[in-house]
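Structure record follows, encoded as structure tokens.
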Amino acid sequence: MNKMTRTASIIRRILTVLLWVVAIFLGLAILATLWALFTAPEGTMENTQISLVMGNYALSLTEHYTPRHLQNLLGITLANLVIFGIGTCWTLLILRKMFAPIAQGSPFHATVSKSLRKLAYVTLLFGFLDLILQGITNAIWYRTFDIPSLFAPDRVASCSLRVVGDAGFVGIFILLLLLSWIFKYGEGLQKLSDETL
């Protein structure tokens, strides 16, 4: 029991540090994106070369882009940063709350099962949001850089956008939900044991 409480306490401290690191990095990234979106002078990106990664290939574009050309791309980048930054911070806060009773020697406290259930639904929500934002981001990249124009027309007949999604988050959702039910059952057994004593 001592080892479990010590480990849970260490994990909780690591989660606290991680939360601060994520929050600071997120704040700086959002500020940098806002600066590029609203206040960056026209000439700031004149010598910047844009690289696109398409599968295993990285393409360096010769055309120069200004922040005005990249406005939609910067906007969706900002949306991704805000949404997934909030999701990451929310997940870390739930985990911190979940490890609090475990650090005090109560692994079958009601907080643990509730936190696991909440974590399951957060995973499901942000999994779907990821698929939606991935589709929007890819569409904006496709339009901003006119992807079909990057290929030789005499060699490529057509070029279309395809979003490949990973539904692994559904499996994680089910797993976390099952774990929450196991801990809920453990809470019941713990309560019966306490009443018997």
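The structure displayed is predicted, hence computed values, not measured ones.
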How many angstroms lie between atom [atom1] of [X] and atom [atom2] of [Y], to the nearest 0.5 angstrom?
X	Y	atom1	atom2	answer
F169	I174	CZ	CD1	10.5 Å
I172	L119	CD1	CG	9.5 Å
W20	L15	CH2	CG	15.0 Å
N80	T33	CG	OG1	10.0 Å

Donor-acceptor check, side chain of S9 to backbone of T5, threshold 3.5 angstrom: yes or no? no

Other residues, nucleotides, ligands: >12 heavy atoms within 6.0 Å of N56 CG: no

Where [X] and [Y] come nearest, the two heavy atoms and their spacing:
X	Y	answer
S113	F183	CB-CB, 4.0 Å
A120	L176	CB-CB, 3.6 Å
S180	L116	CB-CB, 3.7 Å

Test of understanding: clusters of I, L, V, M, F, W, Y form through side-chain heavy atoms closer than 4.5 Å, transitively. Do [X] and [Y] belong to the same one?
X	Y	value
I136	L129	yes
I83	I132	yes
F25	V17	no
L131	V82	no
L179	L177	no

W141 vs I76, side chain to side chain contact (heavy atoms under 4.5 Å, CB included): CA-CA, chis, key distance, verdict: CA-CA 10 Å; W141 275 83; I76 197 67; 5.6 Å; no

What residues, two or more places apart in sequence or in another chain, satisfy ring-ring contact (aromatic ring centres under 6.0 Å, His included) together with F126? none

Quick one: do the N72 and T144 side chains pair a donor with an acceptor below 3.5 Å? no

Is the F108 to Y185 ring centre distance short of 6.0 Å? no

Let's go through Y142 and N138 carefully: what are the C-alpha distance in whole Å and the side-chain angles of both, what is the deciding distance for side chain to side chain contact (heavy atoms under 4.5 Å, CB included) to 0.1 Å, and is it a yes or a no? CA-CA 6 Å; Y142 188 84; N138 286 344; over 6 Å; no

Can you list, pair by pair, the side-chain donor-acceptor contacts under 3.5 Å of residues 86-101, counting residues two or more places apart and other chains?
residue: T88; atom: OG1; partner: F84; partner atom: O; Å: 2.7
residue: T91; atom: OG1; partner: G87; partner atom: O; Å: 2.8
residue: R96; atom: NE; partner: T16; partner atom: OG1; Å: 2.8

Can you name the residues that form a side chain to side chain donor-acceptor pair (under 3.5 Å) with R143, not counting sequence neighbours? none

Flag the pair F145 / L73 as yes when at least one side-chain heavy-atom distance between them is below 4.5 Å, and no otherwise. yes

